[in-house]
Number of protein chains: 2
Amino acid sequence: MATIEDVAKLAGLSRTTVSRVINDQPYVTDEKRQRIIQAMNDLGYVPNSSARRLRSQKTETIAVLLPRLTNPFFGNLIEAMEERASEWGYQVIVCQTHDSKKKEMDYLQLLKTKQVDGVIMASLVNEWEDVKPFLECGPIVFCNEYMDESSIPMIHMDHKQAAYEATTHLLEQGCTHISYVSGGPESHLSKKRKEGFIEALSEYGLSFQNDLAIDWAIDVSDGQKVFHLIKDELPHVDGVFTGSDEVAAGLIYEATSSSDWVIPDDLAVVGFDNQMISLLMVPSVTTVEQPVKQMADKTVEVLIQQLLHPGSLPPNRYVYPHQLLVRNSTKRKKLSIQ
Amino acid sequence: MATIEDVAKLAGLSRTTVSRVINDQPYVTDEKRQRIIQAMNDLGYVPNSSARRLRSQKTETIAVLLPRLTNPFFGNLIEAMEERASEWGYQVIVCQTHDSKKKEMDYLQLLKTKQVDGVIMASLVNEWEDVKPFLECGPIVFCNEYMDESSIPMIHMDHKQAAYEATTHLLEQGCTHISYVSGGPESHLSKKRKEGFIEALSEYGLSFQNDLAIDWAIDVSDGQKVFHLIKDELPHVDGVFTGSDEVAAGLIYEATSSSDWVIPDDLAVVGFDNQMISLLMVPSVTTVEQPVKQMADKTVEVLIQQLLHPGSLPPNRYVYPHQLLVRNSTKRKKLSIQ
DNA sequence: TTGTACGCGTTATCAA
DNA sequence: TTGATAACGCGTACAA
């Protein structure tokens, strides 16, 4: 691999001058500039990025922490983030934590070891106190996941309100025994959702019933298991709030294909995220739409602004609007006739 | 940020000795080792990865090139790859090419600029001749995408055979006017599929009809458009071979929800990849299963082996078995009665 | 307008 | 068993 030194020699000039050409700096005669460019081409010279990093203390790379890519929500999120980051010339490192505290901390180390300039956390399982120290090494921005204690930038929707609306909708449809189906660890975000769920219940004179709650469902096959659990052990349940379209889809699939339960009349179901699957299911799934692309774009933008203008303190909250999409998995016949 | 020098000073020893402790090398008294470890903890010292890279000429990072993450096939692929790579201590950079020749070349530059040690190409739109020169800078491994001209390692299934079987299945169901629906650029892989499609047709005395082919469909909404195109302009089509479960799902959704066409009797449909969605659709979608995780694991393994043992030439073909999963989108009633 | 010389933080070599 | 020193490749004061 040719180095800047080789180019300099071939062009009969100094490293400095070559460096000037590489970085588009002034004070180089056109003639010499040409000679250098010629030499670079002849040698197939490309600047060594490790050396540049060491010199500039910048990596032009960011890390995105998330639980798992197979969750389409995070797939969409990182797709948009990578696209946006690449426009700014930044690379994106994928960091799947699988909701493990240890992995999350390991990936945060990337900031300390200067492998990345900044970090986007789209998931958070550790306490904020444990994450905070890393801020000394570079900026961190939250996307989707959020909390009240910290003052770093957070881009997200109002999950409490969204859960409130979805639950209220179920109650309006006449549901009286609603199962709260969630998965993964109790994150700050999932707490918010639960708050909204409980608030809606209480307005209908109901309270949270632990025996109707399920906290281990994150994907389609879990959704299938959930249905059987409800059918066999909680047959009085007539509505399901779940934070995942995948879980909702699995549940509906199982109900439709292996029982005579009718969705939504025997069991109304709401999902979350407005994944493709929620539209394609029969019946289609009532869900909460998130402006994923906008949130991803803004997150990258906020992070990169901090990298380009260190010290500038961006606003720390960007709350995006959501929308409850009412579909067939909750439109009960008795009501639509009314 | 503390450097190795700071640690050395605090411990009253030399950089060299500190370096030895960091890298678990022998020839350091236990007492001094302890003193150094103590100093590192006191200072919160972490080795600077840029400096290490420059010194060692290694990045412990690989790049994965793919068209787009929102295609769940690639989401699953990279999920498994990242997991496997992280076990070896490697970082993964996501590189979405969006099927652009330029972006593909740009990302390959990561190899030249030493930002990554190796590259996995899960998509290929440029000619092999244009990619080949990058091999001088580090190993490249193909996954899913493949071709005959090159001799670098390729991990994939037999797409020609898979397409042949899927098409034969449609023909056995009595289809006589099969539309070939594909998307993205003509890659080496898509050529293979087409060969298999054509071979199956020819065994039934049929030949490829360009007027029944569609080459711009890659996602659900394209699938919806495809259905209307067929209904309005190619109503004699009675079967669809498509290289994507998403396209198949969109097509089936549209047929079911906005027409009186019956799937599979009026139109039999096969997808590809065995995505969750192909199972959940009503009717469920006949598709080809790929052993994604095994392929991803093997790909990472082969690449890292090349990094750990430079010069070792791994076998250049790993062909994984596929499986045609026959579901309701092709099980015609007339035949199941026979 | 060009070049000299130093330092970014590590690790490998070699001498002590 | 330890340490001084020289790279790794680049960018940039500063001097010319």
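Sequence lines set the chain letters: A, B, ... in the order given, protein chains first and strands last, and positions in each chain run from 1. Atoms considered below: every heavy atom in the structure, side chains included; atoms not considered: hydrogens, waters and symmetry mates. The shown structure was predicted, so the numbers you read here are calculated from the model rather than taken from an experiment.
- Look at A/S56 and you won't find any side-chain N or O under 4.0 angstrom from OP1 or OP2 of D/dG11.
- Taking 4.0 angstrom as the limit, A/Q57 places a side-chain polar atom (N or O) nearer than this to OP1 or OP2 of C/dG9.
- Close to C/dG3, at under 4.0 Å from its OP1 or OP2, lies a side-chain N or O of A/S14.
- You'll find that the side chain of A/R52 is closest to D/dC10, out of D/dC10, C/dT13, C/dT2.
- In terms of phosphate contacts, B/Y45 brings a side-chain nitrogen or oxygen within less than 4.0 Å of OP1 or OP2 of C/dT10.
- Here C/dG3 is the nucleotide among C/dC14, C/dG3, D/dG11 with the atom lying nearest to any side-chain atom of A/R20.
- A/K32 has a side-chain polar atom (N or O) that falls below the 4.0 Å cut-off from OP1 or OP2 of C/dT2.
- Taking only side-chain nitrogens and oxygens, B/T29 comes nearer than 4.0 Å to OP1 or OP2 of D/dT2.
- With C/dT13, D/dG11, C/dG3 as the choices, the nucleotide that has an atom nearest any side-chain atom of A/T16 turns out to be C/dG3.
- A/Q25 comes within 4.0 angstrom of the backbone, heavy atoms only, and of no base.
- Partner of B/N126 under the side-chain hydrogen bond (donor to acceptor under 3.5 Å, both in side chains) criterion, chosen from B/K101, B/K132, B/E104: B/E104.
- For a distance-only test at 3.5 Å, the side chain of B/R53 fails to qualify as a donor-acceptor partner of the base of D/dG9.
- For the OP1/OP2 pair of C/dG9 and a distance below 4.0 Å, the side-chain nitrogens and oxygens of B/T3 include no atom meeting the criterion.
- Within 6.0 Å of CD on A/E136 lie no more than 12 heavy atoms contributed by other residues, nucleotides or ligands.
- The phosphate of C/dC8 (OP1 or OP2) has no side-chain N or O of B/N48 nearer than 4.0 angstrom.
- Regarding contacts with the backbone of D/dG11, every side-chain N or O of A/R15 stays at 4.0 angstrom or more from both OP1 and OP2.
- Distances were taken from every side-chain heavy atom of B/T17 (C-beta onward) to each of D/dT2, C/dA5, C/dC8; the shortest belongs to D/dT2.
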